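Report on one structure; see the data block that follows.
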Amino acid sequence: MSAITSIVPLSLQTILLLIASNVFMTFAWYGHLRTLGTAPWYVAAFVSWGIALAEYLLQVPANRIGFQQAGYSVGQLKIMQEVITLGVFLPFSVYFLKAPLRLDYLWAALCMVGAVYFIFRNG
């Protein structure tokens, strides 16, 4: 594993781990709406908690690498996570939850572009 991490830039490690953690987070938060829709809420909560554990096992190292080694600020990590969340949630909601694709997603993405600009503009 260390051979792989030594050739992958720290910023890319951070981004890839955040993307992977977000996939788990999205399934933990919303996947039960389709897959466990008729199960009692506490069953969905326990299943979601198990999925969320995988998310945390990726998200915590992502934030540590990003903050301690790649030089991202906490604000930059947070905005990065929110952009990734929208990027993961959109196809998830359309393809997995069968939600309609709406123009509001574009407007939300444009707002995120503004957030990225302001949080990253001073390094």
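Bear in mind the structure is a predicted one, so any value in this text is a computation, not a measurement. Numbers here are sequence positions counted from 1.
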Between Ile79 and Val74, is there a shared hydrophobic cluster once you connect ILVMFWY residues whose side-chain heavy atoms come closer than 4.5 Å? yes
Leu101 and Leu106: same hydrophobic cluster, using ILVMFWY side-chain contacts below 4.5 Å? no
Which pair of non-hydrogen atoms, one from Ser48 and one from Ala28, has the smallest distance, and what is that distance? OG-O, 2.8 Å
Are Leu36 and Leu97 co-members of a hydrophobic cluster defined by side-chain heavy atoms under 4.5 Å apart? yes
Enumerate the ring pair (Phe, Tyr, Trp, His ring centres under 6.0 Å) contacts for residues 41-61, please, sequence neighbours excluded, ordered by first and then second residue. none
Mind checking side-chain contact (heavy atoms from CB on, under 4.5 Å) for Leu57 and listing every partner two or more places apart, or none if nothing turns up? Leu53
Would Val94 and Leu103 show up in the same hydrophobic cluster when neighbours are defined by side-chain heavy atoms closer than 4.5 Å? no
Audit row: Met80, Leu18, side chain to side chain contact (heavy atoms under 4.5 Å, CB included) steps and yes/no: CA-CA 8 Å; Met80 199 181 313; Leu18 287 175; 4.0 Å; yes
Does any part of the side chain of Pro40, heavy atoms only, come nearer than 4.5 Å to the side chain of Val43, both counted from C-beta? yes
Please collect all ring pair (Phe, Tyr, Trp, His ring centres under 6.0 Å) contacts where either partner lies in residues 69-96, sequence neighbours excluded, each pair once. Phe27-Phe92, Phe27-Phe96, Tyr30-Phe89, Phe92-Phe96
Atom CD of Gln13 and atom CD of Gln69: how far apart are they, to the nearest 0.5 Å? 7.5 Å
Please name the residue in the list Glu82, Gln76, Gln81 that meets the side-chain hydrogen bond (donor to acceptor under 3.5 Å, both in side chains) test with Lys78. Glu82
Within a strict 4.5 Å, meaning less than it, do heavy atoms of the Met25 and Thr85 side chains meet? yes
Step by step, work out the side chain to side chain contact (heavy atoms under 4.5 Å, CB included) result for Val47 and Thr35. CA-CA 11 Å; Val47 170; Thr35 59; over 6 Å; no
With heavy-atom distances below 4.5 Å as the criterion, would you say the side chains of Thr14 and Leu77 are in contact? yes
Evaluate the side-chain proximity of Asn63 to Phe67: yes if any heavy-atom separation is below 4.5 Å, no if none is. no
So does Arg102 have more than 12 non-hydrogen atoms from other groups sitting under 6.0 Å from CZ? no
Could you state whether Leu16 and Val60 fall into the same hydrophobic cluster, counting links through intermediate Ile, Leu, Val, Met, Phe, Trp or Tyr residues with side-chain heavy atoms under 4.5 angstrom apart? no
